[in-house]
Asker: 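First, the structure itself, so that you have it in front of you.
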Amino acid sequence: GLSNLRVRFTYTGSTCSSWGLEMAQVTKGVAPATYTWNLIDPIPAVGTPPAHYLNVFQNPTVVVSPPAPNTTNAPITYTYSLQSSAGGCVSDIPVTVNPTPVALATAPPPTCSGTTLNIPISGNVVGTTFSWTRSTNANVTTSVSSCSNCNAITGTVTNTSTTTQTITYTVTPYYSNGGVSCPGTPINIDVTILPRPTATFTGSWDCQSGMATLTLNSANSGAVAGVLFPGSIAVSGSAPGTITIPPFALSSTTTYSFSSLTIGGCPLSAMPAPVTVTVPPLGPAGLWTGEVDTDWFNKCNWANRQVPDNSVDVTIPGNSINFCEINPTSPFAVLYGYTARSRHIQISNRQLRFTPAGGREALLNAWGNLTIQNDTALVNMTAGGKIELAGDWINNRGTVGFSEGIGTLEMIGGTAYNSIHNAGYIQDISTADATSTEAFYNLTINNTNNYALRDEVTLQDNATVAGTFTLII
């Protein structure tokens, strides 16, 4: 035999799934001799290339490959026989070929910023280990950026932007056997990271309806789900855009806040600030606030949120937000027959303006006294208008307190609410002092109204009529 036969091999890459026997160098053999390679285990299939012949003196290099790559999930051992023509000795050479590992992992659905990943990694070969790295994205940070010998992709991912971001994890499998580590083909796992949503929260109260409206607005996308307190009010809808909570009755000032809120399944980076919906407290009947505008017929301009009628004393004070205007084109005027009404009415440091419009008269029907109280108080009938007065005309400012314009004052007869003189009901016209003269444009004394207790009109001071004086008996 050839007891001193030595054979050296060099393999392509490693003894993994696809390999080649690149060089077989026979040393210390018997010369002259040739050597024959034969695959003896497993038995070659029909059509396998013939054995390779080497001449020891030529120090040849040959390539010998297995019949096929190892595509199984376990190692395969091939045994080659080296036989010398000189002495007939046989030397069996085993070659173990490891399988190629395959990594298996499933990309998760879009993930909220701040989520901790746990993506399992498995393989087709028992004993496979895995390493992974992630791509770089300036808008994404992770608590773990790479891992060796790991069976899962882990780490907290944070989207620092306001838009959806993606990072790619590259997983490489390794199978080690017989001192050889065989890598498989890397796979990529794309992870989509949603931004932490943001939202604004607003609220308002409508005086006309007494209803509160709360709205949530977000530029992020996805289904909206939340709960508001107090009242455990469910909030749902779809963003981006504005989600309006159905209006609800509210009678007092209340602060609302979210106990929970998600958009697209993701919690917000911060809950919207609480919203206080202010409901002004109710005040006395007949007190003008001018809270909204100048419209007499808008109930929200009155302290008790009711437009007065002939049973209510009216005060228009100097600290009201707006002056008061009687204008029949008000959208609310039709509710009150286009007529402003009061019992006594007092104007203090504010203006009561008459504005005929829309083919209708600006009309005030007062069943008590009209008092122009002091300082900057003014009844302004420059554009016209009409006052039907059942009580006294009391102008404590004098001529500067009344701008008659082309308006009409009609004294419609005494009622139970006006001044009592002697035993009857008497209407007085008085100005600031005995030297003042009240100037009217049209003045009518009407003693025929059915609801009046008729008696007389007394002129306490001087008066002039620039337009028409009418006496109806």
Side-chain angles (χ1 to χ4, degrees), residues 296 308-311 313-314 326-328 336-347 352-357 359-373 377-473:
W296 173 292
D309 59 23
N310 289 120
S311 68
D313 291 337
V314 168
I326 300 173
N327 186 328
Y336 308 97
Y338 302 96
T339 301
R341 298 181 183 276
S342 74
R343 187 168 67 170
H344 298 303
I345 178 170
Q346 177 175 294
I347 302 95
L352 174 61
R353 179 184 296 177
F354 291 76
T355 306
R360 293 184 180 277
E361 187 66 271
L363 177 60
L364 169 64
N365 180 271
W367 281 17
N369 301 332
L370 185 150
T371 302
I372 304 171
Q373 184 58 30
L378 174 65
V379 173
N380 187 349
M381 303 184 80
T382 301
K386 184 178 181 180
I387 300 173
E388 295 176 344
L389 184 63
D392 297 338
W393 174 274
I394 305 169
N395 184 353
N396 291 329
R397 283 201 68 206
T399 57
V400 294
F402 176 52
S403 178
E404 74 279 10
I406 56 173
T408 298
L409 171 64
E410 181 176 349
M411 310 295 281
I412 60 175
T415 72
Y417 303 118
N418 73 338
S419 300
I420 299 177
H421 295 279
N422 300 320
Y425 295 96
I426 301 172
Q427 289 184 269
D428 289 343
I429 296 176
S430 62
T431 56
D433 55 60
T435 62
S436 299
T437 298
E438 191 68 276
F440 298 103
Y441 184 75
N442 295 323
L443 177 61
T444 299
I445 299 175
N446 186 346
N447 207 24
T448 64
N449 292 294
N450 292 330
Y451 57 78
L453 296 175
R454 298 183 290 277
D455 204 329
E456 62 185 55
V457 174
T458 299
L459 185 63
Q460 300 289 345
D461 298 294
N462 296 328
T464 62
V465 177
T468 301
F469 176 73
T470 305
L471 178 60
I472 303 174
I473 299 175

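Note that the structure is a prediction, hence the values are computed from the model and not measured.
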Asker: Residues in side chain to side chain contact (heavy atoms under 4.5 Å, CB included) with A357, at least two apart?
Answerer: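 With neighbours one apart ignored, the set is N327, T329.
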Asker: What closest approach, in Å, do W393 and N395 show between heavy atoms, and which atom pair accounts for it?
Answerer: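 In terms of heavy atoms, the two residues are closest at NE1-CB, 3.9 Å.
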Asker: Rounded to the nearest 0.5 Å, what's the gap from OG1 on T444 to CZ on F469? Could you check?
Answerer: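 It comes to 8.0 Å.
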Asker: Kindly indicate whether the side chain of F402, heavy atoms from C-beta on, has any atom under 4.5 Å from the side chain of M381.
Answerer: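 Yes - at least one pair of side-chain heavy atoms lies under 4.5 Å apart.
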Asker: Do Y336 and D309 have side chains that get closer than 4.5 Å, going by heavy atoms?
Answerer: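 Side chain of Y336 against side chain of D309, heavy atoms only: no contact under 4.5 Å found.
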Asker: Answer with yes or no whether the side chains of T382 and N380 bring together a donor and an acceptor at under 3.5 Å.
Answerer: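 Side-chain D/A pair, N380 to T382: present.
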Asker: Is there side-chain contact between E361 and T408, with at least one heavy-atom pair below 4.5 Å?
Answerer: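 In short, these two side chains do not touch, never coming nearer than 4.5 Å.
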Asker: Distance check, rounded to the nearest 0.5 Å: I445 atom CD1 versus I472 atom CD1?
Answerer: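 Those atoms lie 10.0 Å apart.
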Asker: So how far is it from L471 CG to L443 CG, rounded to the nearest 0.5 Å?
Answerer: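 These two atoms lie 9.5 Å from each other.
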Asker: Mind checking side chain to side chain contact (heavy atoms under 4.5 Å, CB included) for P308 and listing every partner two or more places apart, or none if nothing turns up?
Answerer: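 With neighbours one apart ignored, the set is W296, W302, V312, V314.
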Asker: I'd like to know if the side chain of N310 reaches the main chain of N365, judged simply by a donor and an acceptor atom lying under 3.5 Å from each other, with no hydrogens or angles considered.
Answerer: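 Yes, N310 side chain to N365 backbone: donor-acceptor pair under 3.5 Å.
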Asker: For T339, enumerate each residue passing the side-chain hydrogen bond (donor to acceptor under 3.5 Å, both in side chains) test, keeping only those at least two apart in sequence or located in another chain.
Answerer: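 Scan of T339 (side-chain hydrogen bond (donor to acceptor under 3.5 Å, both in side chains), adjacent residues dropped) gives none.
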Asker: Is it the case that the side chain of D392 and the backbone of N369 share a donor-acceptor pair, with hydrogens and angles ignored and the cut-off at 3.5 Å?
Answerer: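 Side chain of D392 to backbone of N369: no pair is present.
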Asker: In chain order, what residues pass the side-chain hydrogen bond (donor to acceptor under 3.5 Å, both in side chains) check against T371, with sequence neighbours excluded?
Answerer: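 Testing T371 for side-chain hydrogen bond (donor to acceptor under 3.5 Å, both in side chains), a comparison that skips the adjacent residues, returns none.
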Asker: With sequence neighbours left out, write down each residue that passes side chain to side chain contact (heavy atoms under 4.5 Å, CB included) with A383, or none if nothing qualifies.
Answerer: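 Counting only residues at least two positions away or on another chain, A383 forms a side chain to side chain contact (heavy atoms under 4.5 Å, CB included) with P356.
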Asker: Mind checking side chain to side chain contact (heavy atoms under 4.5 Å, CB included) for A377 and listing every partner two or more places apart, or none if nothing turns up?
Answerer: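 Partners of A377 by the side chain to side chain contact (heavy atoms under 4.5 Å, CB included) criterion, ordered by chain and then number, come out as I347, I372, R397.
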Asker: Rounded to the nearest 0.5 Å, what separates atom OG in S430 from atom CD in E438?
Answerer: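 Output value for this atom pair is 8.5 Å.
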Asker: Would a 4.5 Å heavy-atom cut-off, applied to side chains only, mark L370 and L364 as touching?
Answerer: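 Yes - at least one pair of side-chain heavy atoms lies under 4.5 Å apart.
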Asker: Verify, without hydrogens or angle tests, whether E404 (side chain) and L409 (backbone) share a donor-acceptor contact under 3.5 angstrom.
Answerer: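 Flag not set: sc E404 to bb L409 has no pair under 3.5 Å.
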Asker: For I429 and M411, which heavy atoms make the closest approach, and how far apart are they?
Answerer: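 Closest heavy-atom pair between I429 and M411: CG1-CE, 3.9 Å.
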Asker: Quick check: closest heavy atoms across L352 and I345, and the distance to 0.1 Å?
Answerer: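 That closest heavy-atom pairing would be CD2-CD1, 4.0 Å.
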Asker: Just by distance, do the side chain of D313 and the backbone of R343 share a donor-acceptor pair under 3.5 Å?
Answerer: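 No, because the side chain of D313 does not come within donor-acceptor range (under 3.5 Å) of the backbone of R343.
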Asker: Compare every heavy atom of N396 with every heavy atom of Q373, then report the nearest pair and how far apart it is.
Answerer: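 Scanning both residues completely, I find the closest heavy atoms to be O-CB, 3.0 Å.
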Asker: Which of these, L363, T470, N446, sits in a side chain to side chain contact (heavy atoms under 4.5 Å, CB included) with E410?
Answerer: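 Among L363, T470, N446, the one meeting side chain to side chain contact (heavy atoms under 4.5 Å, CB included) with E410 is N446.
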